[in-house]
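Atoms within each ligand, like the ligands themselves, are counted from 1 in listed order.
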Amino acid sequence: MNYRAGFIGLIGLPNSGKSTLLNHLVGEKVSIVTAKPQTTRRRVIGIVNKESMQGIFVDAPGVVKAHAGLNLFLRDEAMDVITQSDVLIAVLNIDEERVENLDEIIKLAQESRKPWLAVIHKTDLAAYIHRPQILRDRLEKMGVPVVAGSSLKENEIAALTELVLAGIEPLLPAAKGPLYDEDLYTTSNLRDLCAEIIRERCFENLHQEIPFGLAVKIVRFVEDDGPAVQIAAEIIVAKENHQPIVIGRDAQLIKKIGTEARKEIVNLLGRKVFLDLKVATKKNWQKNPLFMKDLGYVVHPA
Ligand SMILES: Nc1nc2c(ncn2[C@@H]2O[C@H](COP(=O)(O)OP(=O)(O)OP(=O)(O)O)[C@@H](O)[C@H]2O)c(=O)[nH]1
Ligand SMILES: [Mg+2]
């Protein structure tokens with residue numbers, strides 16, 4: 001049997017739909033999705049098993065320009081995923097305002113010298129209907145396999161994921177067998193998944209610059225025989241005056257975030273959940289390597 005297995009890095013601009021695509025490929029929600037750019041901060045693994053292959057998909061932050069702080073961490077994380085993958089998927093969103101930004105993603109994939117597949121994404125957006133063909137012609141001239149589609153159109157999702165898997169399989173290295181236990185669909189632990197669900201609900205309920213300076217830390221996670229899993233989390237903001245905004249008038253907003261997050265966590269854990277959320281300020285944590293490390297955004301020493 002010609003079994004294949006390997007790591008497939010998803011690269012693209014912020015908001016290009018990498019995490020959405022990953023979740024569809026895996027058939028489970030492993031990576032959070034919001035309408036805001038720079039949602040994914042740390043790599044997230046989603047595993048797909050077929051009889052003839054195991055694809056270990058690695059979702060990465062969107063590629064951003066950066067020199068310091070959290071943005072530099074995001075860029076380094078994306079670059080590291082490129083270096084460590086066997087194969088890449090370049091997710092090219094057709095609605096990108098500056099076409100040069102897509103060129104950068106194509107260049108990164110090409111310069112990696114790894115086999116790669118291009119996914120022309122968000123083809124449902126009618127305002128950009130002329131773009132897919134131009135991109136496809138260009139990529140095909142470069143000899144790159146291309147798949148195009150939408151992750152939002154329910155009736156297209158199955159075809160898109162099948163095309164992506166079929167396109168990836170021949171690019172993967174030969175292997176004796178699966179690299180990860182076939183029962184696993186992610187390597188994230190429940191604590192991480194819960195922190196990310198809370199962060200997703202915060203991103204969706206908050207606007208302007210607040211999400212970019214917001215992080216979530218689980219401070220208590222008790223899964224004993226009690227009636228409910230007990231979770232306490234801190235929502236960390238970077239500025240003192242963001243704290244009342246997250247809490248909202250009469251604590252309405254934090255209650256809404258808590259209700260939405262709890263519902264999703266109950267789905268994930270399949271048990272009752274007691275969720276306690278608090279808001280704390282860590283001034284400019286996104287510029288402070290020690291705070292960043294504490295939140296799991298590990299910064300390599302210079
Ligand atoms: N119109 C359209 N929107 C999409 C499609 N796929 C994803 N989206 C939306 O695009 C937004 C960003 O999706 P994500 O999956 O979070 O994008 P991402 O590339 O992971 O973003 P970052 O993690 O911030 O880099 C969300 O609002 C998605 O619902 C698509 O095919 N068409
Ligand atoms: Mg993402």
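For Ser150, heavy-atom contacts with ligand 1 shorter than 4.0 Å involve the backbone as well as the side chain. Heavy atoms of His121 found under 4.0 angstrom from ligand 1 belong exclusively to the side chain. Contact annotation: for Gln38 versus ligand 1, heavy atoms closer than 4.0 Å belong to the backbone alone. Heavy atoms of Asp124 found under 4.0 angstrom from ligand 1 belong exclusively to the side chain. Contact annotation: for Leu125 versus ligand 1, heavy atoms closer than 4.0 Å belong to the side chain alone.
Here atom 3 (N) of ligand 1 lies nearest to Leu152 when heavy atoms of Leu152, Val63, Ile120 are compared.
Taking the side chain to side chain donor-acceptor pair (under 3.5 Å) definition, one finds that Thr34 meets it with Thr39, sequence neighbours left out. Remark: Arg75 engages Glu104 in a salt bridge (charged side-chain N to carboxylate O under 4.0 Å, His left out) (not counting sequence neighbours). Checked against salt bridge (charged side-chain N to carboxylate O under 4.0 Å, His left out), Lys29 has the following partners two or more places apart in sequence or in another chain: Glu200, Glu264.
Here the side chains of Val147 and Leu160 are in contact, with some heavy-atom distance below 4.5 Å. Using a 4.5 Å cut-off on side-chain heavy atoms (C-beta onward), Leu190 and Asp192 make no contact.
Residue-ligand proximity: Gly12 is placed with every non-hydrogen atom at 4.0 Å or more from ligand 1.
Ser151 and His121 are linked by a side-chain donor-acceptor pair at a separation below 3.5 angstrom, with hydrogens and angles left out of the test.
Protein N/O/S atoms closer than 2.8 Å to the Mg ion (ligand 2): Ser19 OG, Thr40 OG1.
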